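In this text, all values refer to a predicted model and were calculated from it rather than measured experimentally. Below, read A as the first sequence line, B as the second, and so on, with proteins coming before strands; counting in each chain starts at 1.
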There are 2 protein chains.
Amino acid sequence: MPKNCNFIEKLREVGLRPTKQRIKMCELLYSREKTFHFTINDLVKMISEQMNEKISLATVYNTVHAFEKKGYLKEISIDSHKSYFDTNTSAHHHFFDEDTHELIDCEESDIDKINIRKNITGKKINSVEVLVRIASDNQNQK
Amino acid sequence: MPKNCNFIEKLREVGLRPTKQRIKMCELLYSREKTFHFTINDLVKMISEQMNEKISLATVYNTVHAFEKKGYLKEISIDSHKSYFDTNTSAHHHFFDEDTHELIDCEESDIDKINIRKNITGKKINSVEVLVRIASDNQNQK
DNA sequence: AAACTACATTATAATAATTCTAAACTATTG
DNA sequence: CAATAGTTTAGAATTATTATAATGTAGTTT
């Protein structure tokens with residue numbers, strides 16, 4: 001398993017011990033072609049399905065937050081009822097489908113660079129992100 | 001109290017009975033010059049301080065959500081740990097101060113109109129909102 | 001203005017998401 | 001391969017929110 005070695009190194013870099021639970025999480029999170037969005041619940045389900053042993057909720061919370069703190073995951077607040085995480089940690093924009101509660105990444109090219117005219121003294125801009133809320137367009141179909 | 005009459009009318013329009021708790025909430029929310037942001041907790045505290053009688057948490061939740069459903073308040077999700085509401089219900093942009101967790105409205109003129117190049121078939125755009133995260137700029141001061 | 005009725009308010013219980021805790025376990029180091 | 005420092009775990013605690021059911025009250029009817 002050469003891939004796991006990468007995950008072990010990755011965990012070490014971050015200062016976390018490469019336990020089998022964490023390696024499994026890395027596999028699920030970082031071996032996909034495309035980045036994706038998930039909730040803690042999604043992730044627990046995915047892990048439980050793929051491991052013979054169970055994993056504790058607390059472990060998933062702890063590890064996800066450890067990754068987040070180190071910049072390997074990004075939290076996205078959109079829906080006050082759900083916390084989404086994103087394996088794409090760069091600042092980027094989103095579409096949020098209000099029908100399905102699905103989160104969709106915007107490509108760089110989808111939205112022009114945003115120019116902020118206001119300056120707040122003593123403060124620097126950390127990020128600028130756009131959220132485009134979409135919903136099905138039934139009204140106009142008739 | 002001519003102002004309260006307006007609140008009574010407002011509540012009636014929305015289909016809510018003008019009880020003293022709700023009138024108090026309206027006073028706090030809608031008699032300011034400027035719109036503002038608050039959490040449910042902030043609001044409960046404000047009400048408790050200004051009324052001799054107590055108000056129940058459940059009443060505040062119910063009424064805030066009733067206002068929100070009718071478009072008299074807007075929920076803003078930024079911080080997964082806190083739910084902010086905004087008395088400015090139009091689509092508008094925000095600064096979020098990551099040091100103080102303070103939410104600041106953007107003026108229309110602060111940000112250019114945003115052009116979305118991507119079209120998602122069968123979906124219409126409900127809103128486009130920008131969140132600018134800011135923090136103190138200590139690094140560059142030295 | 002008394003009485004009625006539908007809706008509100010309240011305290012409390014229930015639920016859900018998250019964090020804490022302390023005991024058992026395991027990866028690393030020497 | 002034993003010591004130890006960090007990890008996992010189940011379950012308890014905490015926090016935010018919603019549901020419930022008894023009591024209260026605004027608005028209408030008489």
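Within the 4.0 Å cut-off from OP1 or OP2 of dT26(C), not a single side-chain nitrogen or oxygen of Gln21(A) is found. Note on Tyr61(B): every side-chain N or O is 4.0 Å or more away from OP1 and OP2 of dT18(D). The phosphate of dT10(C) has OP1 or OP2 within less than 4.0 Å of a side-chain N or O from Thr59(B). Within the structure, every side-chain polar atom (N or O) of Ser83(B) is placed at least 4.0 Å from both OP1 and OP2 of dA16(D). Side-chain N/O atoms of His65(A) include one lying less than 4.0 angstrom from OP1 or OP2 on dT19(C). Residue Arg12(B) places at least one side-chain N or O under 4.0 Å from the OP1 or OP2 atom of dG27(D). Contact check, Arg17(A) against dT8(D): no side-chain N or O comes under 4.0 Å of OP1 or OP2.
Going from atom CG of Leu57(B) over to atom P of dA16(D) covers 10 Å, rounded to whole Å. One atom, CG of Leu11(A), and another, C1' of dT26(C), lie 15 Å apart when rounded to the nearest Å. Summarising the geometry, the separation between CD1 on Ile47(B) and C1' on dT10(C) is reported as 14 Å, rounded to the nearest angstrom. Put simply, CG on Asp79(B) is 12 Å from P on dT18(C), counting in whole angstrom units. One atom, CE of Met51(A), and another, C1' of dT9(D), lie 13 Å apart when rounded to the nearest Å. The nearest whole Å value for the distance from the OH atom in Tyr84(B) to the C1' atom in dA16(D) is 15 Å. Lys24(A) has its NZ atom 14 Å from the P atom of dT9(D), to the nearest Å. When the C1' atom of dA16(D) is taken as reference, atom CG of Leu43(B) falls 15 Å away, rounded to whole Å.
Nearest-nucleotide positions on DNA chain C place Lys54(B) closer to the 5' end than the other of Ser80(B) and Lys54(B). Taking the nucleotide of DNA chain D with the nearest heavy atom to each of Lys20(B) and Lys20(A), the more 5' of the two is matched to Lys20(A).
For Pro18(A), the side-chain atoms get nearest to dA27(C) when compared with the rest of dT7(D), dT17(D), dA27(C).
Counting non-hydrogen atoms under 4.0 angstrom, Thr19(B) reaches the backbone sugars and phosphates but no base. Contact annotation for Ile55(A): backbone-only contact, meaning every heavy-atom pair under 4.0 Å involves sugar-phosphate atoms and none involves a base.
Tyr72(B) and Phe67(B) have tilted rings, their planes meeting at an angle from 30° to 60° on a 0 to 90° scale. Aromatic ring orientation, Phe38(B) versus Phe85(B): parallel (interplanar angle below 30°, classes split at 30° and 60°).
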Could you go step by step and tell me if Asn62(B) and Thr59(B) meet the side chain to side chain donor-acceptor pair (under 3.5 Å) rule? CA-CA 5 Å; Asn62(B) 295 341; Thr59(B) 301; 5.5 Å; no
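With respect to the salt-bridge test (charged N to carboxylate O, under 4.0 angstrom), the residues Lys24(A) and Glu27(A) qualify.
Remark: side-chain polar atoms of His65(B) are not paired, donor with acceptor, to backbone N or O of Thr63(B) under 3.5 angstrom.
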